[in-house]
Every structure is written in C-alpha cells, then in structure tokens.
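What you see is a predicted model; the values in this text were computed from it and never measured. What you see below is based on every heavy atom in this structure, not just the backbone, and it leaves out hydrogens, waters and symmetry mates.
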2 protein chains.
Amino acid sequence: MLHWMGTKIPADTSLRSQVYDSLRAALTAGRFTPGQKLSFRFIAGTLGVSLTPVREAIRRLVAEGAIEMQAGRSVRVPLMTKDKILELRDIRRTLEGMAVEKAAARATAAQVARLRRIASELVAVRGRGDTAADRQKIREFHFALYAIAGQPTLLQIIEGLWLRTGPYMNLLYPDYITSPRGPERRLRIIKALQDHDAPTARRAIEADIGDALSYIAGLADAAGNIAPAQPAAERKRRRGRSSPPPSGALVFP
Amino acid sequence: MLHWMGTKIPADTSLRSQVYDSLRAALTAGRFTPGQKLSFRFIAGTLGVSLTPVREAIRRLVAEGAIEMQAGRSVRVPLMTKDKILELRDIRRTLEGMAVEKAAARATAAQVARLRRIASELVAVRGRGDTAADRQKIREFHFALYAIAGQPTLLQIIEGLWLRTGPYMNLLYPDYITSPRGPERRLRIIKALQDHDAPTARRAIEADIGDALSYIAGLADAAGNIAPAQPAAERKRRRGRSSPPPSGALVFP
DNA sequence: AATCAAAATTTGTGATCACAAATTTGGCCG
DNA sequence: CGGCCAAATTTGTGATCACAAATTTTGATT
C-alpha cells in the first residue's frame, strides 16, 4: 500500500500495470531463461489479455533495461556477462552508498526501529531455506533504508538497477548467502544510522553490494558469460483451495 | 549515426521511435511549458499518426521520468523544484564523475583528439548567440567523453538524467554560460585524460556539473519552484524552401 | 453574479483487424 | 547428410473502434 503524507495514492489498476508487475515478478524470480525470446502473443495468451496492454508494459520494461529489444522486432531476457555485472556493481555501489549516506544524516528513531525489526525478521527467515522469502526480506530492508534518504529520483534509479540484477541474485544462494557478513553489516548500518555516522554507513553498504556482485561476477565462465539462476523456491502454499490465484493476479507458470 | 565495432546498427524507423524522438526533442528544447498537460490525441494529431505509436512513446518517456503520469489518466511535463534539481545535481555529479574517471583510465590519443576538436568547435559556436547550437555542442562533448568510459549501462542512465534536466538547462543562458570556467574546465579534462589523471578529470567534471545545477537551483522562488525555460533559439534556417521539414521529421510547432 | 447538478465533450484504455517483415518449415537437389 | 530456396507461419506495428471515467460546458436556480 503506497502512502504519501497520509494521502492514499490510488493503485494503478490498469491491465498494463498488472502485466508489467507480472513480467517484473517473473523476471526477478528468474522464471524466464536469460536469452529467452518473449513474444507479445505468448505473454498476452498466458495472462489472458489482448496485445495492447502487453505492448505498453514491454515498452516500459525495455526502457528500464529489464528486457532488451533486438534490432529487428523481438524482445528477450538479457544475457548477463561478467563485464555487465561489474559495471552494475560499480553503479549500484555508488548510488546505494549515496542513498545510505543521506539516510544516515536524516534517520529518525522510528525509522531506525523499523530497520531493526526488518533485520530481525530476516534473521528469522534465514536458514529456513526459503529463498524467495529471504530475498523478499533483503529487498524490504534495503528499500526501507534507501527510502529514509528522501530522494525519490535516486530511489527510482536504484529500483531500475535492482530490476536489472534481479534475475541473477538467486546465484547467491545457498553458498554466498550463508556467510555471517550480511547480518553483521546490517547491524553495523543500523548502528551507524542511529549515530548519524554517514561514512561508516556508506562503507558498510558499499562492501555489502560490492562483495555480492563480485561473487556473481566470479561465477562467469571463461567466455565471461554467467549462467542463469534457478527460480527462487516458492513460498509454502496456503492450505485449502489451490487452483485459482487470488483476485485477478496475472502470473506466469 | 550509431556504430559499434564498425557494424552499423540499423536505425529504428518505427513511428513509435519517431514520436519518441519528437517528444524528446520538444521537451529538451523547452517547447512545452512545465506543468502542461499532453493529451494523446493532441500529440497524435500534431504529428499526424494514430494513437498507438503515441501511447508507446509516452510509456517510454514516463519510465525515463521525462514526463509524469497523473494518478487519474493524463500525462504532463514535470514541474521542477529546487529539491528535485539538487537531487539531480548530486546524482549527475556522482555518475558523470564516475564515467570520466573510467574514461581517463582508458582514453586513447584518437579519442582525446576528438574531444579537443569538439571543444574547439564549441568555442567557435559560443558567443554567436545560437543557444540551440551551443547546447548541442555541449552535449556532443559530454557524451563523447562519457562514451570513452565504455560502460553502456552507465551511459544509458546518464542519458536519462540529461533528459530530466534538459528542459531547464536553457536557464543557464545567457548569464551563467558566459563564464570562462566552462572552456577552462573542458581543457583541463582533456589534459587529464591525456595524462590518464583520473582524479583531476573527475574533480573538473564534478565542478562543472555541480556549479551549473547549483546555479539553476538558485533561480528557485521562495516556494522552491523553478520557472520554465524559454525555448532554445532555432538554428538559422537554410535558405530556399522552408515549408516542409526534411523527410518525415515529426516536429512540434 | 455565484453555485451546482446535469449534459456534452474529451480522454485514456483495451480489443481487434490488416499488413508487412521476419522466422520457421518443408522439400528439393547436391 | 547438408545446403538452399520457396511456402507457410509467426510476429511486431499501426490504425480503428467501443467504452467508461474524467473533464469541461451548460443552464437553471437562488
């Protein structure tokens, strides 16, 4: 639920947005193979809509770099290379470092408390083996952190970068993610925000992002290509009726 | 003309792209008043196309932050505030600084020579009072510089940032732009690239961007709003037939 | 003249169709 | 088995239509 100064911003219920959300979720979860061609009619057919909203959703995703458009006329899931990951690493490290630096200067006690709560929820989820839930909590922590900076444009750009790296972040599981550095760094960041210690906070987030993406870059083969990640494990299904997804959720199989 | 390793990339001739280019050019030149509502049918009618390509072009511009979409259903040219300009200043300073730093490490003699040529052309144009030509040369210099870094994603993000600030850059004319700091800094950057002196190059570009956008932020009124810029002066028309724009150029009046 | 509800118009959205370009298929010949 | 070309199919693009929501205009009433 999006809010702004207590005023509810009405959610965009257009089919276009729903298609966008579905594609975004599928990309982030790695449900498409990198390099896979996505035809408009396949997407429209799968989601049960016409071509029109699909085309507009695709335009947005292309603009955000989440999918790429071939010279001719087809779109496909981008293939990742070591160079591209290293470039994204440098950009993300810098921008997310900037966001945290500004956040440290402004963080209120309530905001710090919220971060602490999310961090402890993450600890609780970790080790349960639910990759999808784990990643969700990580995302929640990071964006709660960046939102404190109060810089909407910066936040939007960072979201775009997460969308580009998203399909490959599953590669961190299970090896990299079990390192205790993550939890330690999150606590260090929280402490630094509490103390308004911007340089320390920045260093911690830069190390976090730098290490994670360097690790992924290290998975590249000799040609510099990085293999696609496996889809995140689904959350446990609710007991009871399982067939139809809740109210109008457009999902890929 | 776009090239890549000697291979011509075929230009996208779709109507969608032409509409996008037209809107982008109009926005950059300040031909729309900030806050102005843009109806799909107005754009389609003006450019003589149907709604379909307009809708897709708009989606892309919205994703890039060049225009914004109201909650309900209309799109408009974003209004600029002091806070937003300062945020864009910080992001641009950082990312363009990063690009120049990488460029300094890689620049070849030929690339430096090209920068020097553009810089001298800019000096030639400067003082002729042709704002549009001046801005075009500035853009050419900056992107030739950033391209040397060889980081396509970074370049794409920077282009998006220029699109957001574009409608307001005319505010630099004629007062700010006549300062001799600009030409001096460009020469300093070129020299630093030649010497592979990354820190000096970064400092120079950061000062360039920081000063320009700080100047624009200083134009805000007490409420923090920044008045729209006047459209850039048109280039001198070629003599001869003046009515129809060259081959299929979709232009706004 | 100011107010406000009803009517008229405008506007974005989604579906559908026609069409050309790209891609795949299938068969033929080497 | 492999290369090549024409037919068949798929695919993205652009135009058009219907429709509901939003906006503007109108006109009656105070």
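Comment: A:Asp21 does not engage A:Arg24 in a salt bridge, judged by the lack of any side-chain N to carboxylate O separation of less than 4.0 angstrom. Residues A:Lys82 and A:Asp221 are not paired through a salt bridge, judged by the lack of any N-O separation under 4.0 Å between the basic side chain and the carboxylate. Under the 4.0 Å criterion applied to side-chain N and carboxylate O atoms, A:Arg60 and A:Glu56 are not assigned as salt-bridge partners.
Using a 4.5 Å heavy-atom threshold, the side chains of B:Arg92 and B:Ile158 count as separate. You'll find the side chain of A:Pro167 stays beyond 4.5 Å of the side chain of A:Phe32, heavy atoms only.
Residue B:Thr52 places no side-chain N or O under 4.0 Å from the OP1 or OP2 atom of D:dG14.
Across the protein-nucleic acid pair, B:Leu51 atom CG and D:dC19 atom P stand 17 Å apart, rounded to whole Å. D:dA22 atom P lies 12 Å from atom CG of A:Asp12, rounded to whole Å. Between the CZ atom of A:Arg16 and the P atom of C:dG14 there is a distance of 6 Å, given to the nearest Å. Residue A:Arg55 contributes atom CZ, which lies 14 Å from atom P of C:dT16 at whole-angstrom precision. When rounded to the nearest whole Å, the span between CG of B:Leu15 and P of C:dA21 equals 14 Å. C:dT23 atom P lies 12 Å from atom CZ of A:Arg76, rounded to whole Å. In this structure, B:Gln70 atom CD and D:dA22 atom C1' are separated by 12 Å, rounded to whole Å. Put simply, CZ on B:Arg59 is 17 Å from C1' on D:dG14, counting in whole angstrom units.
Counting heavy-atom neighbours within 6.0 Å of B:Arg139 CZ, excluding the residue itself, gives a total above 12.
Looking at residues 37-49 of chain B, you'll see B:Leu38, B:Ser39, B:Phe40, B:Arg41 sit with a heavy atom under 4.0 Å from some atom of DNA chain C.
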